[in-house]
Amino acid sequence: MIICGEFFYKGRFIDCAVEIKDGVIVDISKTKKGRRVRGIIMPAGIDVHVHFRDFKESYKETIETGSLSALYGGICLVVDQPNTNPPVIDEKVYFERMKRAEKTTYVDYSLNLGLVNDNADKIVEIVKKIEKKYFLPAIGEVFLKGDMRVSYETLEKVRRSTSKLITVHAEDPNEEDDVVAEVKAVERCLKMGVFHFCHISTARALDLIHESNSTSEVTPHHLIFSKHNTDFKVNPPLKSSEERVKLVKNFKKADVLASDHAPHTLEEKKEGKPGFPGVEVMYPIFFYLMKRGYVSINETIKKIAMNPAKIFGFSRYGEIEVGKYANFVVFDPKDEKFIKGEELHSKVGWTIYEGLKAVFPKEVYIRGEKVLEDGDVLVEKGFGEVL
Ligand code: NCD
Ligand code: ZN
Ligand code: ZN
Ligand code: ZN
């Protein structure tokens, strides 16, 4: 199969023909003839930080609804987080969840292994067992406070005992000020070794990580909102407008853009549960921002596709290039829309991005197959591959 069109290739837009065999790009040329796709064709996104709940929290999201939401948002691969109920802290629950994903996921799916004080001694063994069957992207996200809290001492031991990527939710448990809490936790972890830092919300922490061999992730919500914009809670908390502006100025230094898609019902939000859904709107919002020139296209595509693939080891994802999967998102730049929570596909039906402008994908291709066209999903649940 050959698809012709305006592709984002090697950092710029070129009109070319992309030849696909068994889901993989085998040739990119200017001369071959094929089916012409209208619009502009970007690499599909990867969201390395989603909470698809399921299990006992199926009332607010499932792998099925979360991955459908991802598909509508131009995301071809997700990394799900282990703070489920029950939590993914041994191989048994890991396998159970992967089996569920195999039957229900719309997009490609991978899952992190949770670390808690209780499984720390066995974590290397558990990793080995999982890796016999699946591609394990990382241990994490590791919480330094809350129910799944891991002490710095334990984290340091685990860091020494494995070369596996570890992702950290960097909030110091004893610090009241949330800016200081993030910076402190990052400083402390950087002394232990290399980590991937989830949802960094301060410019200072981004600086520190950038000067190290560790990598960082930022979220749309910390870049777009300050604590004055909403009463809804999230961890790490939204910051002051000054801090937000500093974070935006430091955007270039972040390695990954991830949604931290963390759905809760409106009732739970009123009770103060932290987290926002976001997997469906991240790429559409950033496409709009790219189109308007508010963010650089190259920088954004690196963070939404290339870098997540490199950092987490998804070797066939992240780029339109020979040898990679044919995972594309087609946008019609003119198709600007106001975001409406009730039109999104997460179970919770609300979004803090209500009323913001975005450009949603017109078509999505996963491994060469058209999976979404003009608002219609063309595949069944379970289409996505578990890694
Ligand atoms: C997340 C959740 O609800 O699972 N909540 C959040 O505020 N981000 C957990 C997390 O990512 O810390
Ligand atoms: Zn977190
Ligand atoms: Zn860096
Ligand atoms: Zn999270």
Side-chain angles (χ1 to χ4, degrees), residues 46-63 65-66 69-70 75 78-89 97 110-116 137-150 155 165-173 178 181-182 185-186 189 195-202 205 209 215-225 227 230-239 254 256-279 282 308 312 346-348 350-353:
I46 300 170
D47 193 342
V48 296
H49 194 146
V50 301
H51 299 267
F52 282 172
R53 311 298 188 206
D54 217 308
F55 291 159
K56 287 181 186 158
E57 292 176 322
S58 295
Y59 64 91
K60 54 180 161 187
E61 198 76 289
T62 58
I63 296 171
T65 54
S69 195
I75 301 295
V78 295
V79 180
D80 201 4
Q81 302 301 324
N83 64 332
T84 45
N85 183 6
V88 185
I89 51 177
R97 196 161 174 88
S110 66
L111 173 63
N112 278 353
L113 169 65
L115 173 69
V116 286
I139 297 168
E141 64 172 317
V142 175
F143 294 93
L144 300 170
K145 58 185 197 183
D147 298 342
M148 286 178 77
R149 169 180 182 170
V150 171
L155 182 58
L165 182 66
I166 302 178
T167 78
V168 184
H169 178 128
E171 279 191 292
D172 187 276
D178 56 300
E182 180 170 286
V186 166
C189 291
F195 293 94
H196 175 75
F197 291 97
C198 304
H199 43 48
I200 288 298
S201 61
T202 66
I209 299 162
T215 51
S216 64
E217 165 190 308
V218 287
T219 70
H221 50 267
H222 291 116
L223 291 163
I224 293 171
F225 296 114
K227 61 183 167 193
T230 172
D231 288 332
F232 280 179
K233 295 282 174 278
V234 67
N235 287 331
L238 296 175
K239 302 293 185 282
V256 170
L257 184 65
S259 71
D260 189 12
H261 178 84
H264 298 285
T265 64
L266 278 176
E267 225 146 73
E268 290 171 327
K269 291 307 287 180
K270 283 174 199 142
E271 292 157 8
K273 280 252 168 91
F276 307 139
V279 69
M282 178 170 74
F312 286 78
S346 164
K347 262 197 184 179
V348 294
W350 62 271
T351 173
I352 49 156
Y353 302 99

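Atoms within each ligand, like the ligands themselves, are counted from 1 in listed order. Here the structure is a predicted model, which is why all the values come from computation and not from measurement.
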- Below 2.8 Å, any N, O or S contact between His199 and the Zn ion (ligand 2)? yes

- Message: Report whether any nitrogen, oxygen or sulfur of His169 sits less than 2.8 Å from the Zn ion (ligand 2) (N, O or S, backbone or side chain).
- Response: yes

- For the residue pair His221 and Phe276, does the interplanar ring angle fall in the parallel (under 30°), tilted (30 to 60°) or perpendicular (over 60°) class? perpendicular

- Query: Relative to the ring of Phe232, is the ring of Trp350 parallel (under 30°), tilted (30 to 60°) or perpendicular (over 60°)?
  - Reply: perpendicular

Classify the side-chain pair [X]/[Y] by whether it contains a donor and acceptor separated by less than 3.5 Å.
| X | Y | result |
| --- | --- | --- |
| Glu61 | Ser346 | yes |
| His264 | Arg53 | yes |
| His199 | Glu141 | yes |

- Item | Asp260 atom OD1 and His49 atom NE2 as seen from the Zn ion (ligand 4), angle to 10 degrees | 80°

Going by the order shown, which atoms of ligand 1 are within less than 4.0 Å of some heavy atom of [X]?
| X | answer |
| --- | --- |
| Val234 | 7 (O) |
| Ala262 | 1 (C), 2 (C), 3 (O), 5 (N) |
| His264 | 3 (O) |

- Which residue from Gln81, Glu141, Glu57 reaches closest to atom 11 (O) of ligand 1 through any of its heavy atoms? Glu141

- Item | The one among Arg53, Lys273, His51 that brings a heavy atom closest to atom 3 (O) of ligand 1 | Arg53

- Query: If you check every N/O/S atom of Glu141, which is the one nearest the Zn ion (ligand 4)?
  - Reply: OE2

- Message: Taking 2.8 Å as the cut-off, does Cys198 contribute an N, O or S atom near the Zn ion (ligand 4), distance below it?
- Response: no

- Short N or O distance, Pro274 and ligand 1, threshold 3.5 Å exclusive: yes

- Any heavy atom of Asp260 under 4.0 Å from ligand 1? The part involved is side chain

- Query: Which part of Phe276 is near ligand 1, with near meaning a heavy atom under 4.0 Å away: side chain, backbone, both or neither?
  - Reply: neither

- Determine whether any heavy atom of His49 lies closer than 4.0 Å to an atom of ligand 1. yes

- Among Glu217, Gln81, His196, find the residue that satisfies the side-chain hydrogen bond (donor to acceptor under 3.5 Å, both in side chains) test when tested with His49. Glu217

What's the spacing between [X] [atom1] and [Y] [atom2] if we round to 0.5 Å?
| X | Y | atom1 | atom2 | value |
| --- | --- | --- | --- | --- |
| Asn235 | Cys198 | CG | SG | 12.0 Å |
| Asp80 | Asp47 | CG | CG | 10.0 Å |
| Thr265 | Glu57 | OG1 | CD | 10.5 Å |

- Item | Closest approach of any protein heavy atom to atom 7 (O) of ligand 1, naming residue and atom | Asn235 N, 2.8 Å

- Would you find a donor on one side and an acceptor on the other, under 3.5 Å apart, between the side chain of Glu182 and the backbone of Pro236? no

